[in-house]
Amino acid sequence: MEKILIVDDEAFIRENLERILGEDGYRPFSTESPEEAVRKVAEEDVDLVLLDLNLGPRSGLDVLRQLREIDPDLLVIIITGYGTVETAVEAIKMGAYDYIKKPFKADAIRLIVRLALETQNLRREVRHLRRDNKGHQLLVGTEMVGASPALLQIHRQISEVAKHTTANVLVSGESGTGKELVARAIHNLSPRKGRPFIEINCGSLPFNLLESELFGHERGAFTDAKVRKIGLFEEANGGTIFLDEIGEMDMNLQVKLLRVLEDRKIRRLGGTRSIDIDVRVVAATNRNLKEAIEAKQFREDLYYRLNVFPIHVLPLRERREDIVPLLDFFLRRMATDMNKKIREISREAIDLLTRYHWPGNVRELRNVMERICIMHNEAVIRPDCLPSEIWGRAPSRTAALSFSIPPEGIVLDDVVYNVERDLIAKALAITGSNVAKTSRILNVPRGTLRYKLQKYGFEVAPD
């Protein structure tokens, strides 16, 4: 239970906040005294402070400065009914996490507190990882960096299936999540690790060329076949073949692949002799193969042959605990390779990077870090070093909302409430109330979406 200190000179505000936060399972306690607040932070482990900017004769900014001197990593949310935007910005420059204005809604407090504590937990996890894993090679035998429960579960799956050398594996997940790393880890942790690991992208070649690449051909099998060619299945004999983007494979070639998986034999194009093979097949796709089966674009029998052991890699936005270890891993590697003096990322920059939704997943994160290292050579990466999309200044991928403001004005919070609720309703209609799909098309973490569904009164089935 996280301990939250409330510092406000209005008893009603303190009591209301204690009630709201207590209902959510936190341990809130409060004081109207700035001196008492400073003493509490100095003597106790406090996870978060809600600090009023107007504390009678004392300025909340002065109290913020004292609290930060005691604990530089302390998260502080400013609450004010008096401060201007400039004051709030000054507080954030001094290290405050965020601010909220009075009068506030209970849901708004709940959301900002939850996000702040998630950030705090990420920071603590990173400090722990840095103590225990200086090289950030967190999953032994692989290049998969991170510490999220989802990634650790994948590591357990890899460790188990690697022992069984004939079990086919189907790796699913969005583009850029690291499906190839999963395939390589399975090979490297298995008894096959001393034999070849062969990979091919099934969507990069037309049917005839892909068939020849996979199974080989005899001289004279077709017009340009001037010499015999050994196929990738033969080259991978004793090892592993990785069929990336398997969902893009031609239906006719799927029939031949199914036969190879069933018989463990291949026949070169133009050949008359069957050749025994001993190969583990790991396939990967960013498509929903069950939907492809229904659309008659993928064979159901091949799907079940490949899907002996399924592994699903979540998008980076749904395993945010992995973001900071990945940032640090790529920073250290690239700074060394480019001979740059960059040594760390500032706390403010980390906050922005962890809030970003990363539509391109780990591949996009790596590219961003490479771009930063190319363009900058300061010791510390600060917010102004980050690309515009991280700040949210990039052009929106959705059409701008357009409506007029009546002469009497509007209540902005009510408009935002209605717009967000309507967009979620439309997304649910598109996905058939599937929470996972809805979170993807809205680009919000599944946990955040669950909170908003409850907030707006939508009823959906559990995941």
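Worth knowing before you read on, the calculation uses all heavy atoms, side chains too, and leaves out hydrogens, waters and symmetry mates.
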Face-on cation placement of R114 at Y451 ring, 6.0 Å and 45° thresholds: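 The answer is yes; both the distance and angle limits are met.
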
Establish, for the pair R355 and Y97, whether the NZ or CZ atom is under 6.0 angstrom from the six-membered ring centre and no further than 45 degrees off its axis.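 Because its charged atom sits under 6.0 Å from the ring centre and within 45° of the axis, R355 does stack over Y97.
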
Can you tell whether the side chains of [X] and [Y] come within less than 4.0 Å, N to carboxylate O?
X: K290; Y: E300; value: no
X: E420; Y: K452; value: yes
X: E389; Y: R371; value: yes
X: D351; Y: R347; value: no
X: R184; Y: E180; value: yes
X: E348; Y: R382; value: no
X: E235; Y: K229; value: no
X: R19; Y: E23; value: yes

Would you say the side-chain atoms of [X] pair up with the backbone N or O of [Y], donor to acceptor, closer than 3.5 Å?
X: D47; Y: E2; value: no
X: S439; Y: A436; value: yes
X: D24; Y: Y26; value: no
X: N307; Y: V169; value: no
X: W358; Y: R363; value: no
X: K179; Y: S172; value: no
X: T438; Y: N434; value: yes

By the definition salt bridge (Lys or Arg N to Asp or Glu O under 4.0 Å), identify the one residue from K265, R195, R192 that meets it with D278.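 Only one option passes, and that is R192.
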
Hey, mind stepping through V324 and T354 against side-chain contact (heavy atoms from CB on, under 4.5 Å) and telling me if it holds? CA-CA 7 Å; V324 178; T354 53; 3.6 Å; yes

Would you compute the distance between atom [atom1] of [X] and atom [atom2] of [Y] and round it to the nearest 0.5 angstrom?
X: R27; Y: I4; atom1: CZ; atom2: CD1; result: 10.5 Å
X: I266; Y: E234; atom1: CD1; atom2: CD; result: 4.0 Å
X: C202; Y: M249; atom1: SG; atom2: CE; result: 4.0 Å
X: F207; Y: L253; atom1: CZ; atom2: CG; result: 5.5 Å
X: I350; Y: E344; atom1: CD1; atom2: CD; result: 8.0 Å

What's the verdict on side-chain contact (heavy atoms from CB on, under 4.5 Å) for Q297 and R287, showing C-alpha distance, side-chain angles and the deciding distance? CA-CA 11 Å; Q297 296 173 346; R287 296 184 64 187; 2.5 Å; yes

Looking only at heavy atoms, which two atoms of P28 and G22 are closest? And how far apart?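 So the minimum-distance heavy-atom pair works out to CG-N, 3.8 Å.
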
State, to 0.1 Å, how close M369 and I345 come at their nearest heavy-atom pair, and which atoms those are.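 Closest approach of M369 to I345, heavy atoms only: CE-CD1, 4.1 Å.
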
Using the rule given for side-chain contact (heavy atoms from CB on, under 4.5 Å), can you reason through H217 versus E211, listing the C-alpha separation, both sets of side-chain angles and the distance that settles it, and then say yes or no? CA-CA 9 Å; H217 61 253; E211 183 180 22; over 6 Å; no

Knowing that exactly one of R280, H187, K193 qualifies, which makes a side chain to side chain donor-acceptor pair (under 3.5 Å) with T240?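 It is H187; the other options fail the test.
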
Taking atom types as modelled, is there a side-chain donor on [X] or [Y] under 3.5 Å from an acceptor on the other?
X: R320; Y: S148; answer: no
X: Q254; Y: Y303; answer: no
X: N361; Y: E174; answer: yes

Pairwise salt bridge (charged side-chain N to carboxylate O under 4.0 Å, His left out) hits with a residue in residues 144-154, at least two apart: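 Passing the test, one end in residues 144-154: no pairs.
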
Working note: E218 + L269, criterion side-chain contact (heavy atoms from CB on, under 4.5 Å); need CA distance, chi angles, decisive distance, verdict. CA-CA 6 Å; E218 298 289 352; L269 272 68; over 6 Å; no

Show your working on salt bridge (Lys or Arg N to Asp or Glu O under 4.0 Å) between D107 and K105 and close with a plain yes or no. CA-CA 5 Å; D107 285 343; K105 294 183 178 180; over 6 Å; no

